[in-house]
Amino acid sequence: MSGLRDKLLRMRTSAAAQAERLAGMVTEESTEQVEPEVALDEMEVSAEPAAVEEPNVLSADWQELNVRVVESTEGSFLVRESRYPLMHRHGIHQLAELEHTQLHLDVFRKQEQTQPDYTNMLFLDLETTGLGVGTGNVPFMVGLAYLQEDVFVVEQMLIRHPAEERAMIGYLCNLLPSFTHLVTYNGRTFDWPVLHNRFILNGFRSFSWEPIHVDLLHPSRSIWRNTLVSCRLSHVEEERLGITRDDDVPGSQAPAIYFQYLADGNPQPLLGVFEHNEIDMLSLAVLAIRFGHLLGGGLGEHVAMPSEAEELLRTGLWLERMGKTELAEPLYALLVDHPRIPHKCLCLLAERDKKCGNWERAVLLWQKAVQDAEAAKRPDYEAHIELAMYYEHRTKELQAALSLAEEAHSIALRRHAGLRLQNKQRTELELIRKRIDRLIGKLQRWNRIEHTQ
């Protein structure tokens, strides 16, 4: 595969041939990264190349999209800029809250990173020609957002053809180092690797920037993976941030819209992509506000207290992982008295307490889980085993431990009745059987000692 940079340089020599060369290049390098329905070799491309505009003169169609040309020694590209007052409300939060919550996001800093003297946060979201992180995936739109004095700026860069990419990348290389934090949604595995590849491919190999990367997909999954149907940003914003989108262009359609523009030269459909990306940037800021409130102790005041036991527990566990144990403990206390706490949540919190040495609450949680199992149609026996281990090894209540182990074995047999046992299930039954045999042996020895005395 020939170098992308060399191809782009050759394209600049002949503006009239841009459309033909672009179709061939993207077909060669990008098809495997793009969903089949948007691959260039399946599109109907006009035999006549689209009219090529003067690089710095925008047609009326472009002007309607509210874009401007940015020029540099590397070339030119387009920028669309939107400014929001900090009192602007997006969903349940105002953008002004970002000023007070962004400092709490420093906990995402790696151990080897020094704490910055100030916080300057950059939000990033890409629209690309494909789904992978390989060299054939080109970010045709780069969305950025940041606080600037008393406004929230959304700056969206667009390349009208790949020959403009180098100018856009050069602009980013100058802009990014002024920020201390990078906030993304799945940016650690997608947006940033894709963009970093483009720096290298466009010759900016010496570029270096190591911000505190706040990838909000990971805390979202930690808290909502069993509560929400999906942890896609569009679903999180609707279910937890009070944001609804009307007539939104799905992100999955953005590549097809861009390829269509490359084929016919009509920029009007790109407005929907701009608007979709702009909402993504605003929602990303609001989601950062929410997690900033959580880390700053604003749960119950600035953020509603979760009503579901699962979310309450996982919020506490996430806060504890982020070093905020003092904020997590009140959530655990609420969870103990929750009227509808699932068996799995009881065992998860008990496991946490076991590791922390809080045996008193762990035992209470296991006992509650054992009681709940009696009324369940498909009971679990995890709490039975944990409680049996506690009675055997810590309190030496061997008879109680034996009763729990036997009950666990009975539940396991009922759960697996009529099924072909897998290795894991067979091993679990064998371990429970061994525990029962060991407890019976201990009780027999104990009875013989008592009898001789």
Report task. Give a yes or no answer on whether the side chain of Trp209 reaches the backbone of Leu176 with a donor-acceptor pair at less than 3.5 Å. Result -> yes
Query raised in the report: Would you find more than 12 non-hydrogen atoms of other residues, nucleotides or ligands less than 6.0 Å from Arg232 atom CZ?
Result: no
**Report entry** Exercise: do Arg415 and Gln425 side chains pair donor with acceptor under 3.5 Å
**Finding:** no
Report task. Test Ser222 against Arg321 for side-chain hydrogen bond (donor to acceptor under 3.5 Å, both in side chains), laying out the working first. Result -> CA-CA 10 Å; Ser222 295; Arg321 284 197 298 273; 3.2 Å; yes
Requested in this report: Taking atom types as modelled, find out whether Ser283 and His90 have a side-chain donor-acceptor pair closer than 3.5 angstrom.
Outcome: yes
**Report entry** Short side-chain to backbone donor-acceptor contact, Thr129 and Val138, under 3.5 Å
**Finding:** yes
Requested in this report: Indicate whether the side chain of Asp372 and that of His343 have a donor and an acceptor atom separated by less than 3.5 Å.
Outcome: no
Query - Any donor-acceptor N or O pair under 3.5 Å, side chains His218, Asn186 - result: no
Query raised in the report: Does the side chain of Glu155 pick up a donor-acceptor pair with the side chain of Tyr146 at under 3.5 Å?
Result: yes
Requested in this report: Verify the distance criterion only: is there a donor paired with an acceptor across the side chains of Ser410 and Arg414 at less than 3.5 Å?
Outcome: yes
Query raised in the report: Near Glu112 CD, under 6.0 Å, is it more than 12 heavy atoms from other residues, nucleotides or ligands?
Result: yes
Report task. Please step through side-chain hydrogen bond (donor to acceptor under 3.5 Å, both in side chains) for the pair Arg245 and His276, ending with a clear verdict. Result -> CA-CA 9 Å; Arg245 301 195 187 205; His276 168 85; 3.2 Å; yes
Query - Residue pairs involving residues 290-306 (criterion side-chain hydrogen bond (donor to acceptor under 3.5 Å, both in side chains); sequence neighbours excluded) - result: Glu97-His293
Query raised in the report: Are Tyr390 and Glu397 linked by a side-chain donor-acceptor pair shorter than 3.5 Å?
Result: no
Query raised in the report: Would a line drawn from the ring center of Tyr171 to the ring center of Phe77 be shorter than 6.0 Å?
Result: yes
Query raised in the report: Trp359 ring centre to Arg394 NZ or CZ under 6.0 Å, with the angle to the axis within 45°?
Result: yes
**Report entry** Residue from Thr180, Leu147, Leu105 passing side-chain contact (heavy atoms from CB on, under 4.5 Å) with Met121
**Finding:** Leu105
Query - Exceeds 12 heavy-atom contacts within 6.0 angstrom, atom CD of Glu326 - result: yes
Query raised in the report: Any sub-3.5 Å donor-acceptor pair from Asp125's side-chain atoms to Asp280's backbone N or O?
Result: no
Report task. Would you indicate whether Lys442, at its atom NZ, is surrounded by more than 12 heavy atoms from other residues, nucleotides or ligands within a distance under 6.0 Å? Result -> yes
Query raised in the report: Can Gln253 and Tyr258 be counted as having a side-chain donor-acceptor contact under 3.5 angstrom?
Result: no
Query raised in the report: Does a donor on one side chain sit under 3.5 Å from an acceptor on the other, for Tyr84 and Glu278?
Result: yes
Query raised in the report: Any sub-3.5 Å donor-acceptor pair from Arg221's side-chain atoms to Cys231's backbone N or O?
Result: no
Requested in this report: Answer with yes or no whether the side chains of Arg240 and Ser220 bring together a donor and an acceptor at under 3.5 Å.
Outcome: no
Requested in this report: Begin from the C-alpha positions of Trp224 and Trp318 and carry the test ring-ring contact (aromatic ring centres under 6.0 Å, His included) through to its verdict.
Outcome: CA-CA 11 Å; Trp224 296 310; Trp318 177 75; 9.3 Å; no
Query raised in the report: Going through the distances and angles, do Gln399 and Tyr391 end up as a side-chain hydrogen bond (donor to acceptor under 3.5 Å, both in side chains)?
Result: CA-CA 9 Å; Gln399 187 58 56; Tyr391 287 145; over 6 Å; no
Query raised in the report: Ignoring hydrogens and geometry, is there a side-chain-to-backbone donor-acceptor pair from Asn202 to Arg198 under 3.5 Å?
Result: yes
